[in-house]
Amino acid sequence: RPVLFLLVPCFVAAFSGGVTAAGLTHFTPQGEALHVTQVTAQFDAPVRPLGDIAGPAPLEFSCSGAQGIAGKTRWVDVRTWAVDFSPDLPAGVRCEFRPVAGLKDAAGQPLAMAAAYLFNTGGPWATQVTTLGYGDRHIDEEAVFVVHTAGDVDFASIEPKAWCVAEGIGESIPVKLVGVAEQKKLADAARRSDLQPGPRTVLLRCARRLPNGARVKLFWGAGIKGSSGLLTTRQSSHEFQVRPEFSVQVTCPRENARAACHPLASIPLDFTAPLMRADAEKLRLVGPKGQEWAPELLGYPEGGEAEA
């Protein structure tokens with residue numbers, strides 16, 4: 001009996017000491033995180049009873065830096081809780097998650113969690129960089145770049161932190177923002193509402209004329225500030241190709257290499273860059289006695305190849 005009397009308390013102590021509270025072991029994201037669509041909190045023991053994932057949230061949260069942020073909370077399983085954001089959180093957002101007071105796990109023990117979990121979505125990184133005019137990745141010598149950002153941007157921070165690099169030029173080239181009035185004019189001319197002035201639409205140029213045929217990179221650098229005060233912490237580069245020097249090639253059908261042009265055949269003119277119709281209409285074929293012939297533009301679009 002004495003032996004039995006001594007073992008019972010030990011057994012009871014061991015049993016009671018084995019019941020530990022569930023702890024939050026994995027919370028994501030934390031720190032800086034881009035493209036946030038979901039927040040998850042994972043515990044090392046069941047928080048909800050088996051088969052019951054409709055209980056209260058273990059954390060409450062608040063986010064600042066953008067309007068209309070709303071997340072849908074849910075229990076994924078008895079150990080995992082999540083918040084889904086739709087659409088993705090934009091740049092410039094700060095979120096703070098704090099434990100709900102008095103919440104217990106499935107065994108009735110208090111949940112072990114940190115005082116707070118924090119993350120932010122960084123500064124206004126570039127989501128898309130295109131150009132106006134000549135083409136998408138092929139540009140002219142004074143190209144206007146269109147930068148769409150993931151959040152509202154502080155325009156005063158752009159010029160010191162963005163730059164161009166071009167083949168044949170041994171130094172970086174500063175950028176110059178397009179003014180609001182010019183931006184409106186360009187957007188109206190292109191009939192593109194997405195180019196109108198706004199907090200996430202930036203139009204800029206390299207501050208010097210680009211050499212023909214050169215590869216060019218536009219750098220959107222670290223340190224560009226968003227309206228919430230958050231800065232970009234990494235740079236991105238966007239590569240383009242400057243068009244070759246403008247030229248035209250004239251050919252005409254001949255009976256042989258030494259013969260003159262066939263008098264009834266058309267004379268194609270091949271340009272290295274698109275030509276506006278109004279300019280093409282100024283072309284003239286001049287005969288030996290000064291006689292001029294205007295071109296016939298056959299289904300000629302705005303830009304492309306003209307036939308005279």
S.K.: Ignoring hydrogens, what is the shortest heavy-atom contact between Trp81 and Arg74? Give both atom names and the distance.
M.R.: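 Heavy-atom minimum between the residues: CD1-O, 3.3 Å.
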S.K.: Is there a donor-acceptor contact under 3.5 Å from the side chain of Asp105 to the main chain of Ala22?
M.R.: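 A pair under 3.5 Å: yes.
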S.K.: Going from CZ on Phe219 to OG on Ser172, what distance comes out if it is rounded to the nearest 0.5 angstrom?
M.R.: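 Here the rounded value is 9.5 Å.
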S.K.: Between Thr121 (side chain only) and Val93 (backbone N and O only), is there a donor and an acceptor less than 3.5 Å apart?
M.R.: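 Yes, Thr121 side chain to Val93 backbone: donor-acceptor pair under 3.5 Å.
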S.K.: If we only count heavy atoms from C-beta on, is the Trp293 to Ile267 side-chain gap below 4.5 Å?
M.R.: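 Counting from C-beta outward, Trp293 and Ile267 never come under 4.5 Å.
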S.K.: Say whether His26 and Thr28, considering side chains only, have a donor N or O and an acceptor N or O under 3.5 Å apart.
M.R.: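 Side-chain D/A pair, His26 to Thr28: absent.
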S.K.: Are Leu231 and Ile158 linked, directly or through intermediate hydrophobic residues, by side-chain heavy-atom contacts shorter than 4.5 Å (ILVMFWY only)?
M.R.: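 Each belongs to a different hydrophobic cluster.
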S.K.: Decide side chain to side chain contact (heavy atoms under 4.5 Å, CB included) for Trp163 and Gln235; before the verdict, give the C-alpha distance in whole Å, the side-chain angles of both, and the deciding distance to 0.1 Å.
M.R.: CA-CA 11 Å; Trp163 66 95; Gln235 71 181 32; 3.3 Å; yes
S.K.: Could you list the residues that satisfy side chain to side chain contact (heavy atoms under 4.5 Å, CB included) with Arg94, not counting sequence neighbours?
M.R.: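 So Arg94 forms a side chain to side chain contact (heavy atoms under 4.5 Å, CB included) with Ser64, Asn120, Ser228, Leu230.
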S.K.: In terms of hydrophobic clustering (I, L, V, M, F, W, Y; side-chain heavy atoms under 4.5 Å; direct or indirect links), are Val242 and Val165 co-clustered?
M.R.: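 In one cluster: no.
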S.K.: Distance-only, no hydrogens or angles: does the Gln241 side chain make a donor-acceptor pair with backbone N or O of Gly213 under 3.5 Å?
M.R.: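 A pair under 3.5 Å: yes.
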S.K.: May I ask you to decide if Asp270's main-chain N or O and Gln249's side chain share a donor-acceptor pair within less than 3.5 Å?
M.R.: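 Not confirmed, Gln249 side chain does not pair with Asp270 backbone.
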S.K.: Check this for me, if you would: do Lys282 and Asp279 make a salt bridge, where the nitrogen-to-carboxylate-oxygen distance has to be below 4.0 angstrom?
M.R.: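 Salt bridge flag = yes for Asp279 with Lys282.
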S.K.: For Glu245, I'd like to know if atom CD has over 12 heavy atoms of other residues, nucleotides or ligands within 6.0 Å.
M.R.: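 No, not enclosed.
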S.K.: Does this structure show an ion pair linking Arg209 with Glu142, if we count only N-O contacts that are shorter than 4.0 Å?
M.R.: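 Salt bridge flag = yes for Glu142 with Arg209.
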S.K.: Would you say the side chain of His262 lies within less than 4.5 Å of the side chain of Glu255, judging by non-hydrogen atoms?
M.R.: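 Counting from C-beta outward, Glu255 and His262 do come under 4.5 Å.
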S.K.: Would Cys95 and Leu89 count as a side chain to side chain contact (heavy atoms under 4.5 Å, CB included) here? Give the steps.
M.R.: CA-CA 10 Å; Cys95 290; Leu89 292 180; 4.2 Å; yes
S.K.: What I'd like to find out is whether the side chain of Pro211 reaches to under 4.5 Å of the side chain of Glu167, using heavy atoms alone.
M.R.: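 Pro211 vs Glu167: side chains apart.
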S.K.: Clusters formed by hydrophobic residues whose side-chain heavy atoms approach within less than 4.5 Å: which one holds Val100, and what are its other members?
M.R.: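 None; Val100 is a cluster of one.
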S.K.: Which other residues end up in the same hydrophobic cluster as Leu34, if Ile, Leu, Val, Met, Phe, Trp and Tyr are linked when side-chain heavy atoms come under 4.5 Å apart?
M.R.: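 Reading the cluster by chain and number, Leu34 sits alongside Trp125.
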S.K.: Where the side chain of Ser157 meets the backbone of Gly226, is there a donor-acceptor pair that is under 3.5 Å apart?
M.R.: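 Looks like no, no N/O pair under 3.5 Å.
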S.K.: Group every Ile, Leu, Val, Met, Phe, Trp and Tyr by side-chain heavy-atom contacts under 4.5 Å, then state whether Leu283 and Val250 land in the same group.
M.R.: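 Both belong to a single hydrophobic cluster.
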S.K.: So, for Cys206 and Phe145, which heavy atoms are closest and what is the spacing to 0.1 Å?
M.R.: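 Heavy-atom minimum between the residues: SG-CE1, 3.6 Å.
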S.K.: Please report the interatomic distance CD(Gln196) to CG(Leu203), rounded to the nearest 0.5 Å.
M.R.: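 It comes to 10.0 Å.
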S.K.: Can you tell if the side chain of Thr201 reaches within under 4.5 Å of the side chain of Asp194, non-hydrogen atoms only?
M.R.: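 Not touching, per the 4.5 Å side-chain cut-off.
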S.K.: Within a strict 4.5 Å, meaning less than it, do heavy atoms of the Trp75 and Pro58 side chains meet?
M.R.: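 A side-chain contact exists here, since the closest heavy-atom pair is under 4.5 Å.
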S.K.: Evaluate the side chain to side chain contact (heavy atoms under 4.5 Å, CB included) criterion for residues Val39 and Leu59: first the C-alpha distance (whole Å), next the side-chain angles of each, then the deciding distance (0.1 Å), finally the verdict.
M.R.: CA-CA 11 Å; Val39 172; Leu59 297 155; over 6 Å; no
S.K.: Check whether any side-chain heavy atom of Leu195 lies under 4.5 Å from a side-chain heavy atom of Val146, and answer yes or no.
M.R.: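 Yes; the side chains approach each other to less than 4.5 Å.
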S.K.: Which atom names give the shortest non-hydrogen contact between Glu159 and Leu177, and what distance separates them?
M.R.: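 Glu159 and Leu177 have their closest heavy atoms at OE2-N, 3.0 Å.
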S.K.: With distance as the sole test, does Thr232 use its side chain to make a donor-acceptor pair with the main-chain N or O of Gly223 at under 3.5 Å?
M.R.: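 Yes: the side chain of Thr232 pairs with the backbone of Gly223.
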S.K.: So, taking the atom named CZ in Phe240 and the one named CZ in Arg137, what distance separates them when rounded to the nearest 0.5 Å?
M.R.: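 Result: 4.0 Å between the selected atoms.
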S.K.: Would you say Phe85 and Thr37 make side-chain contact, with heavy atoms under 4.5 Å?
M.R.: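 Answer no - side chains too far apart.
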S.K.: Over all heavy atoms of both residues, which pair between Pro253 and Ser266 is shortest? Give the atoms and the distance, please.
M.R.: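 For Pro253 and Ser266, the tightest heavy-atom pair comes out as CD-O, 3.4 Å.
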S.K.: For Glu281 and Pro295, work out which heavy atoms get closest and say how close.
M.R.: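 Answer, listing the atom of Glu281 first, then Pro295: O-CD, 4.3 Å.
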S.K.: Check whether any side-chain heavy atom of Arg98 lies under 4.5 Å from a side-chain heavy atom of Glu96, and answer yes or no.
M.R.: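 Yes, side chains in contact.
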S.K.: To the nearest 0.5 Å, what is the distance between CD (Gln183) and CG (Leu204)?
M.R.: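 Rounded to the nearest 0.5 Å, the CD-CG separation comes to 10.0 Å.
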S.K.: Check for a donor-acceptor pair, side chain of Asp44 on one end and backbone N or O of Gly23 on the other, with a separation under 3.5 Å.
M.R.: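 Between the backbone of Gly23 and the side chain of Asp44 there is a qualifying donor-acceptor contact (under 3.5 Å).
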S.K.: Work out which heavy atom in Ala259 is nearest to a heavy atom in Arg254; give both atom names and the distance.
M.R.: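 Looking at all heavy atoms of both residues, the closest pair is O-NH1, 2.7 Å.
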S.K.: Any donor and acceptor pair, going by atom type alone, linking the side chain of Gln42 with main-chain N or O of Arg79 inside 3.5 Å?
M.R.: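 It does not hold such a pair.
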S.K.: So how far is it from Arg205 CZ to Leu210 CG, rounded to the nearest 0.5 Å?
M.R.: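 Reported to 0.5 Å precision, the distance equals 11.0 Å.
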S.K.: Measure the CG-CZ distance between Leu24 and Phe97 for me, rounded to the nearest 0.5 Å.
M.R.: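 One gets 11.0 Å once the value is rounded to the nearest 0.5 Å.
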S.K.: Would Val76 and Thr40 count as a side chain to side chain contact (heavy atoms under 4.5 Å, CB included) here? Give the steps.
M.R.: CA-CA 9 Å; Val76 179; Thr40 59; 5.9 Å; no
S.K.: Tell me whether Thr149 contacts the main-chain N or O of Gly151 through its side chain, where contact means a donor paired with an acceptor under 3.5 Å.
M.R.: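 Yes; judged by distance alone, with no hydrogens or angles, the pair exists.
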S.K.: Using the rule that two of Ile, Leu, Val, Met, Phe, Trp, Tyr join whenever any of their side-chain heavy atoms come within less than 4.5 Å, decide whether Val180 and Val178 are in one cluster.
M.R.: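 In one cluster with Val180: Val178, no.
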